[in-house]
There are 2 protein chains.
Amino acid sequence: MDKNLKRMATMHRMQMTGLELFYRQGYYNTSIDDILKSLDLSKGAFYYHFQSKEEFFISIVQNLVFRKVYSMLIEPVEGKNNPLHAIEVCLDDALETAEHNHMDFGFVLANFMNEFNGRNPEIMKYLTDICKVWEVNLVTALQRGKTDGFVERHIDSEGVAAYIISSYFGIRTLMVGGNRKMMRYHYIQQLRNYFRSLSPVVIA
Amino acid sequence: MDKNLKRMATMHRMQMTGLELFYRQGYYNTSIDDILKSLDLSKGAFYYHFQSKEEFFISIVQNLVFRKVYSMLIEPVEGKNNPLHAIEVCLDDALETAEHNHMDFGFVLANFMNEFNGRNPEIMKYLTDICKVWEVNLVTALQRGKTDGFVERHIDSEGVAAYIISSYFGIRTLMVGGNRKMMRYHYIQQLRNYFRSLSPVVIA
DNA sequence: AAAATAACCGACCGCCTGGTCGGTTTAACG
DNA sequence: CGTTAAACCGACCAGGCGGTCGGTTATTTT
């Protein structure tokens with residue numbers, strides 16, 4: 001029983017460090033030895049717990065990336081009244097983590113999608129699936145926003161959701177090579193601009 | 001004299017094939033032998049013309065990527081009257097190439113920025129520089145649009161430019177794993193939505 | 001205490017990588 | 001022609017890669 005705990009602990013440690021290095025250096029550019037070195041573990045330990053580098057990565061995507069995307073980008077929007085406002089706050093929070101150069105998991109996702117695109121269809125599927133979950137939840141929130149009077153009725157929710165995700169993925173790519181704080185400010189400002197065009201016109 | 005021509009031709013051939021493969025498989029995941037194999041050339045030929053893999057890549061960025069970004073994303077906006085409309089048409093054209101799965105160079109740029117971020121500062125600089133040229137030209141176009149009455153005067157041109165580039169980078173990341181044609185349509189539709197919020201209010 | 005098994009070690013393998021270098025082919029020129 | 005240099009060849013190298021495996025240590029179980 002205690003063994004099972006140790007097993008879980010070690011695997012989790014490996015996955016955390018693995019994600020950190022895969023994120024920073026890329027999957028193909030990070031060797032298993034890199035990960036093991038910063039953990040003071042050996043090849044034997046790795047292949048005792050995981051079948052291959054690929055299976056290891058997939059376990060990271062499902063256990064860490066998916067959960068984090070869900071808790072950071074999906075859940076915070078789910079319950080709220082005004083979806084546009086909730087989305088704005090949520091993305092601003094995510095960009096705050098990004099501003100301090102920590103992993104924000106939306107970017108982790110976008111990064112990996114770029115790396116595996118056309119190179120590993122299986123892994124790609126896991127990533128696009130997460131993306132789709134996010135998209136579907138945005139669409140749901142937007143639709144509910146329509147019935148609640150927070151969102152203009154004739155807008156195309158799928159299009160808006162795709163555009164929101166796009167702009168977020170993109171700003172994260174841009175942020176890496178510039179003034180992060182200013183870019184975050186710019187982004188939220190323009191997102192608000194955009195959202196204004198989706199709000200019902202207030203009849204004075 | 002003829003020698004010089006041959007030299008240029010071979011180097012260009014290498015650069016074209018190199019870009020194609022780096023784009024499809026990633027820089028770190030593409031070996032020099034990969035490139036040489038599809039060119040029927042040898043290691044000797046490669047290292048006769050280029051000093052290293054890195055220098056080779058930089059020459060590709062400067063000679064091919066930069067020029068193409070300029071001719072496809074910057075020039076088409078430069079001369080036009082209505083900048084918002086010109087940008088829309090330009091990005092739609094770029095997404096058309098993307099829809100048919102060809103290289104659109106905005107995406108090439110975003111892709112490489114993701115791959116080299118935090119891994120190779122020197123290469124990163126070349127890439128962010130291209131990005132900045134694009135951004136500056138967008139800002140210029142937007143400012144001119146203000147004086148010409150096509151763009152609302154109090155908008156933040158820098159913010160808008162960043163947001164446009166962001167959304168474009170992002171949609172290209174999303175396009176790889178979905179219905180390309182529909183995503184292009186969605187994107188342009190929402191871009192137009194966004195641009196409406198930047199246009200001067202028409203007094204009926 | 002002994003047996004069993006989970007957890008881990010690290011030398012080793014075959015393969016591929018970026019890069020080198022002595023040699024060969026090709027083509028311009030006197 | 002012959003000379004000369006540019007263009008190209010391909011065997012080779014050291015190092016790193018993902019992955020294997022026979023062995024050792026730590027922890028339960030009996």
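Here is the naming used below: chain letters follow the sequence lines, and residue numbers restart at 1 for every chain. Values below: every heavy atom of this structure, side chains too, minus hydrogens, waters and symmetry copies.
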If you check every side-chain atom of Lys43(A), which of dG18(D), dC8(D), dA6(C) has the closest atom? dG18(D)
Counting heavy atoms from C-beta on, name the nucleotide in dA11(C), dC8(D), dA6(C) closest to the side chain of Ser42(B). dC8(D)
From the list dC8(C), dA6(D), dG18(C), which nucleotide is the closest neighbour of the side chain of Tyr47(B)? dG18(C)
Which word best sums up how the rings of Phe56(A) and Phe46(A) line up, parallel for under 30°, tilted for 30 to 60°, or perpendicular for over 60°? perpendicular
Classify the ring geometry of Tyr27(B) against Phe22(B): parallel below 30°, tilted from 30° to 60°, perpendicular beyond 60°. tilted
Partners passing side-chain contact (heavy atoms from CB on, under 4.5 Å) against Met11(B) (at least two apart in sequence or in another chain): Arg7(B), His49(B), Phe50(B)
Kindly state each residue pair satisfying salt bridge (Lys or Arg N to Asp or Glu O under 4.0 Å) with at least one member in residues 36-57 of chain A, sequence neighbours excluded. Asp33(A)-Lys43(A)
Taking atom P of dC21(C) as reference, at what distance in whole Å does atom CZ of Phe46(B) sit? 17 Å
Residue-phosphate contact under 4.0 Å: Ser52(B) side-chain N/O, dG18(C) OP1/OP2: no
For the CG atom of Leu138(A) and the CD1 atom of Ile74(A), what is their distance to the nearest 0.5 Å? 7.5 Å
Among the nucleotides dC8(C), dC9(D), dG18(D), which one has an atom lying closest to any side-chain atom of Ala45(B)? dC9(D)
Using only side-chain N and O atoms of His49(B), determine if any of them is under 4.0 Å from OP1 or OP2 of dA6(D). no
From the options dT20(C), dA7(C), dA7(D), select the nucleotide whose nearest atom is closest to the side chain of Arg7(A). dA7(C)
Need one value for Lys53(B): base, sugar-phosphate or nothing, where a base atom within 4.0 Å counts as base even if backbone is also close, heavy atoms only. sugar-phosphate
Do Met124(B) and Val176(A) come within less than 4.5 Å of each other through their side chains, counting heavy atoms only? yes
Can you pull out the residues from residues 21-41 of chain A that lie within a 4.0 Å heavy-atom distance of DNA chain D? Thr30(A), Ser31(A), Ile32(A)
Quick one: Phe50(B) CZ to dA7(D) C1', roughly how many Å, whole number? 13 Å
Met11(B) CE to dA6(D) C1', straight-line distance once rounded to whole Å: 14 Å
